[in-house]
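Contents: one structure, followed by commentary.
Starting from 1, each residue takes its place in the sequence as its number. Atoms within each ligand, like the ligands themselves, are counted from 1 in listed order.
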Amino acid sequence: MAYEQLKEEIVAYSKEIGIDKIGFAAANEFSEMKSRLELQQEAGYQSGFEKGTNEERTQPELLLSNAQSIVAIAVAYPSRMKNPPKSKKGERRGNFCRASWGTDYHDVLNEKLDKLSTFIATKITGFQFRSMVDTGELSDKAVAERAGIGFSGKNTLIITPEFGSYVYLGEMITNIPFPPDEPVDDGCGDCTKCLDACPTGALVAPGRLNAQNCIAFVTQTKGFLPDNYREMMGNQLYGFDTCQLVCPRNKQVDTHLHPELEPDPELVKPQLIPLLSVSNREFKEKFGSMAGSWRGKKPIQRNAIIALAHYKDEAAVDELIRLMKEDPRPVIRGTAAWAIGKIGTSDGFDAIHAAREKETDEEVIIEMDKGLAFEKVKQNI
Ligand code: SF4
């Protein structure tokens, strides 16, 4: 079968299975990326979540021998929800980023790639492939750019003409020499809105991210957070959307094509106080199918504590005192102590003083002292 004809059949089938955009690229080395990766590593700008060596990340033939082409897919996700629940006094709510709305996109896209590979296998003998979504060695964005899915924005995201940057990306390396598509001939022009809006300056240059400073990354770490990030996170429990929200290419973009990607408002904007006492089993049952749960409940609970401090929610103080006194995890005890101090009730300060007498973990004691520093500030006023 002629590859052009097979490609047309694949494109038609991809629409049937809910792939919103598909593109084809040659599986040549991503040579332009190698030096960029090295620079990012030298600068300490990587997240640490990356997979594989620089060679594996830039040479598809190391991942599939006889790699000839890469099929890139994009699935669009919504940017707005209907009837978001209100965050009220005493019932404050946190926020999961849009890429964590609905069913974990890794599962959604992997299922579509599985169907696609099964379809291609029925059409051609000797078909070999390797699929990946986000957690593979290849850069989804570099593949999508080469395959004409969209252009690479200054916010480092792929921006499609149809769905803005609200797309999930995945790809399949194949041993079939599909004719490649043309890259999207567009760009950001003079716009710098995402760089200007990034609260931490994580976009150090157009198209260059220091992941260590990116709040989306910071929300996924497991240790104590530096104080300045706590201030900037607001009520964010997982991820961060500012560089997408300010982008003019996303204006009016809100795509609702996949019921499984629709948000459950109670899950993506959950009440904060109940989150503090959720058991492992409850957490898994409730949040386990969301992309934002992949690091477990500890970072989410730590971020919930920071969000309650951000709101200065006095209704949370009793629960925070319980965590400070009883929780086995130092990060939770210490962050709770800091939050109690930031909220600033006299009962809270008394509780920190009492707990500090018994605390043995040095990092937690540092946080308790930070919490008590708010008392001094208050007294000076
Ligand atoms: Fe590009 Fe402006 Fe969007 Fe940033 S905000 S990605 S500069 S168009």
How about Y168 and Y77: are their ring centroids closer than 6.0 Å?
yes

May I ask you to decide if L237's main-chain N or O and N303's side chain share a donor-acceptor pair within less than 3.5 Å?
yes

Of the side chain and backbone of I159, name the one, both, or neither that has a heavy atom under 4.0 Å from an atom of ligand 1.
side chain

Taking 4.0 angstrom as the limit and counting only heavy atoms of K154, give me the atoms of ligand 1 inside it, by number and element.
1 (Fe), 6 (S), 7 (S)

How about T219 and Q236: does a side-chain donor come under 3.5 Å of a side-chain acceptor?
no

Which of the numbered atoms in ligand 1 are under 4.0 angstrom from any heavy atom belonging to C191?
2 (Fe), 5 (S), 7 (S), 8 (S)

Are there more than 12 heavy atoms of other residues, nucleotides or ligands under 6.0 Å from atom NZ of K34?
yes

Of all the non-hydrogen atoms in the protein, which one sits nearest to atom 3 (Fe) of ligand 1, and at what distance?
C247 SG, 2.4 Å

Would you mind running through ligand 1 and noting each atom that sits below 4.0 Å from a heavy atom of C194?
4 (Fe), 5 (S), 6 (S), 7 (S)

Taking 2.8 Å as the cut-off, does C188 contribute an N, O or S atom near atom 3 (Fe) of ligand 1, distance below it?
no

State whether the number of non-hydrogen atoms from other residues, nucleotides or ligands found under 6.0 Å of D185 atom CG is greater than 12.
no

